[in-house]
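Written out below as structure tokens is the structure these notes cover.
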Amino acid sequence: MTSDLTLNQETAAAPPVRHWPALDLTGVDFDPVLSELMREGPINRIQLPNGEGWAWLVTRYDDVRLVTNDPRFSRAKVLGRQVTRLAPHFIPAPGAMSFVDKPDHARLRRAVNAAFTSRGVERLRANAQQTLDTMVDEMLRDGPPADLIDRVLAPFPMTVICELMGVPADDRQTLHTWTQSILSSSQGAQASERAKRDMEVYFAKLIAERRGATGEDVTSLLGAAVGRGDITEEEAVALAGPIQIGGEAVTNNTGQMLYILLTRPALFDRLRDEPGLRPQALDELLRYIPHRNAVGLSRIATEDVVLHGVRIRKDDPIYVSYLAANRDPDVFPDPDRIDFDRAANPHVAFGHGPHYCVGGMLARLESELMVNTLLDRIPTLRLSVSADEVPWRRGALIRGPEALPVTW
């Protein structure tokens, strides 16, 4: 399958604008609106609950990879635009790595790359495993029933990302509270913006204290980069916040994975009994889970571009859907089935192109540790309520269970 992304061959009229409401979806069912859009064609126009106007949407795997790697679609141009979006409070921050293009994007990424290399992530493994084992020990000691989110899936990623960031232990709960407010669309724009500002003030102070630092944590790397003049203070702060926030998305992603395993006992039993299958199975779960609601961050066309015969005009906003790309039947046969034997699995759960998730390797490590540890240490783990009684987060940008009541 190839994508038609040219400056000519315009043959089709623009599709109608489809309203995409904010949906509080439960379980791991695929978004019904996104399913309809995928069926209607490879390129759509959407209007989300907040922001202004409409935006293009591409859903096919090859188109998603192409748009995310094509310099004619700019993240930097989003600044100052109220592009239609899901969140009421989303305002792009100048200097944030998610909203710069080449070559600035590479410069900013270099400032923190050392923390996210294989070596940088692996140095966390031993401490992370010890932290996780302690949490599981305490849960087992207290006995069933337990809320897996409260006891493991929320505190563990928070501890790991705070260690990676260099956030002192006494401040971690505060960072967690701010993150939850920023990731929610139900508390209103004012509360989310206040949390965002408070987090920015916090990181500005922490980074300023670490100018000239030699540590391997992210705020030390940022402080050193500011001290060398590689990046500005504003850029350092704009880098720190999204990394901290993204680190807690692991709670929701792994919550969805474990919900799947706990509601499909045959899958749970197979992974428990076949440890060698787990890396491949983890990729399949990452492909399958609807890890967010609606779509993420937009881009702006910097010139007229024709895609599948439809003209995208200069300055038009455009979204890609990684969720849809991961269900493209041309790439993933029988895409709506969880298949742990799926050998070829080039999923885009962590994005694609220059803006591939900087914390993707860390997120994978955390999910791997949590799934392995729970399967190995609590082989009789099961839900203590029926599947339809599991509560799901409402008004969340990142989808996941609010609680996972379990017994063993």
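Note that the numbering runs from 1 along the sequence shown for the chain. Note that the coordinates shown come from a computational prediction; the quantities given were computed from them, not determined experimentally.
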Side chain to side chain contact (heavy atoms under 4.5 Å, CB included) between M139 and I378, worked out: CA-CA 11 Å; M139 186 174 76; I378 319 178; 3.5 Å; yes
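- Between M158 and L175, every side-chain heavy-atom pair lies at or beyond the 4.5 Å cut-off.
- Residues satisfying the side-chain contact (heavy atoms from CB on, under 4.5 Å) test with S118, not counting sequence neighbours, are M361.
- Under the salt bridge (Lys or Arg N to Asp or Glu O under 4.0 Å) criterion, D171 pairs with no residue, sequence neighbours left out.
- Between L261 and M257 the shortest side-chain heavy-atom distance does not fall below 4.5 Å.
- Using modelled atom types, no side-chain atom of Y202 and backbone atom of T174 make a donor-acceptor pair closer than 3.5 Å.
- Between the side chain of D315 and the backbone N or O of I300, no donor-acceptor pair lies under 3.5 Å.
- Rounding to the nearest 0.5 Å gives a distance of 7.0 Å between CG of N253 and CG of L286.
- Salt bridge absent: R60 and D62 never bring a charged side-chain N and a carboxylate O closer than 4.0 Å.
- With sequence neighbours excluded, the residues that form a side-chain contact (heavy atoms from CB on, under 4.5 Å) with N326 are R287, F332, H347, V348, A349.
- Between the S181 side chain and the T177 main chain, no donor and acceptor come within less than 3.5 Å of each other.
- Among pairs with a residue in residues 29-42, those fulfilling side-chain hydrogen bond (donor to acceptor under 3.5 Å, both in side chains) read R18-E36, R18-E40, W20-D31, at least two apart in sequence or across chains.
- Residues T59 and S321 bring no donor and acceptor atom of their side chains to less than 3.5 Å of each other.
- A distance-only check finds a donor-acceptor pair linking the side chain of D24 to the backbone of G395 [under 3.5 Å].
- Side chain of R299 to backbone of I318: no donor-acceptor contact under 3.5 angstrom is found.
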Residues 144-157, side-chain donor-acceptor partners within the protein, below 3.5 Å, at least two apart:
| from | atom 1 | to | atom 2 | distance (Å) |
| --- | --- | --- | --- | --- |
| D147 | OD1 | I149 | N | 3.0 |
| D147 | OD1 | L404 | N | 2.9 |
| R151 | NH1 | D142 | OD2 | 3.2 |
| R151 | NH2 | E138 | O | 3.4 |
| R151 | NH2 | D142 | OD2 | 3.0 |

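- Side-chain atoms of V28 and Y288, non-hydrogen and from C-beta on, do get closer than 4.5 Å to each other.
- Taking Y259 as the reference, W392 meet the ring pair (Phe, Tyr, Trp, His ring centres under 6.0 Å) condition, with sequence neighbours excluded.
- A salt bridge is defined here as a Lys NZ or Arg NE, NH1 or NH2 lying under 4.0 Å from an Asp or Glu carboxylate O, and D101 with K77 fails to meet this definition.
- In this structure, the side-chain contact (heavy atoms from CB on, under 4.5 Å) partners of P15, at least two apart in sequence or on a different chain, are R45, W56, V310.
- A distance-only check finds no donor-acceptor pair linking the side chain of D63 to the backbone of V58 [under 3.5 Å].
- Side chain of S367 to backbone of A363: a donor-acceptor contact under 3.5 angstrom is found.
- Across all non-hydrogen atoms, the minimal contact from V78 to S298 is CG2-O, 3.5 Å.
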Applying side chain to side chain contact (heavy atoms under 4.5 Å, CB included) to R278 and L375, what does each step give before you reach the verdict? CA-CA 10 Å; R278 292 175 192 171; L375 287 170; 3.8 Å; yes
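- Scanning both residues, L221 and A111, for their nearest heavy atoms gives CB-O, 3.5 Å.
- For the pair D328 and R65, the salt-bridge criterion is not met [side-chain N within less than 4.0 Å of a carboxylate O].
- Note on R210 versus D217: salt bridge recorded, some NZ/NE/NH1/NH2 to OD/OE distance being below 4.0 Å.
- For A12 against H308, the heavy-atom pair with the smallest separation is CB-O, 4.4 Å.
- For the atom pair CG of D283 and CZ of F340, the computed distance is 11.0 Å after rounding to the nearest 0.5 Å.
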Determine whether V390 and V385 satisfy the following criterion, side chain to side chain contact (heavy atoms under 4.5 Å, CB included), listing intermediate values before the conclusion. CA-CA 7 Å; V390 172; V385 299; 4.1 Å; yes
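- Residues satisfying the salt bridge (Lys or Arg N to Asp or Glu O under 4.0 Å) criterion with R342, sequence neighbours excluded, are E284.
- Rounded to the nearest 0.5 angstrom, L132 CG and R125 CZ are separated by 11.5 Å.
- Annotation: salt bridge (Lys or Arg N to Asp or Glu O under 4.0 Å) contacts of E52 (sequence neighbours excluded): none.
- When only modelled atom types and interatomic distance are considered, Q256 and N252 share no side-chain donor-acceptor pair under 3.5 Å.
- For R399 (side chain) and G27 (main-chain N/O), a donor-acceptor pair under 3.5 Å exists by modelled atom type.
- For the pair L271/L267, no side-chain contact is recorded, criterion being any heavy-atom separation below 4.5 Å from C-beta on.
- For the atom pair L48 CG and T84 OG1, the distance stands at 4.5 Å (nearest 0.5 Å).
- Considering only residues two or more places apart in sequence or on other chains, D316 meets the salt bridge (Lys or Arg N to Asp or Glu O under 4.0 Å) condition with none of them.
- Partners of R123 under the side chain to side chain donor-acceptor pair (under 3.5 Å) rule, at least two apart in sequence or in another chain, do not exist in this structure.
- A salt bridge does not link R119 with E122: every distance from a Lys NZ or Arg NE/NH1/NH2 to an Asp or Glu carboxylate oxygen is 4.0 Å or more.
- A ring pair (Phe, Tyr, Trp, His ring centres under 6.0 Å) check over residues 101-126, counting only residues at least two apart or in different chains, returns the pairs H105-H355.
- Put simply, the side chain of T254 never gets that close to the backbone of T251: no donor and acceptor are under 3.5 Å apart.
- If you take CD on Q180 and OG on S192, they are separated by 11.0 Å, rounding to the nearest 0.5 Å.
- For the pair R197 and R194, the minimum side-chain heavy-atom distance is below 4.5 Å.
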Go through the steps to decide whether Q244 and F203 satisfy the test side chain to side chain contact (heavy atoms under 4.5 Å, CB included), and finish with yes or no. CA-CA 10 Å; Q244 175 73 35; F203 277 122; 3.8 Å; yes
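- Residues H176 and R172 form no side-chain contact, since every pair of their non-hydrogen atoms from C-beta on lies 4.5 Å or further apart.
- Here the side chains of V226 and I231 are in contact, with some heavy-atom distance below 4.5 Å.
- Note: F30 CZ to L25 CG = 10.5 Å, rounded to the nearest 0.5 Å.
- In this structure, the side chain of T179 does not engage the main chain of I245 through any donor-acceptor pair within 3.5 Å.
- Here the side chains of V305 and E303 are in contact, with some heavy-atom distance below 4.5 Å.
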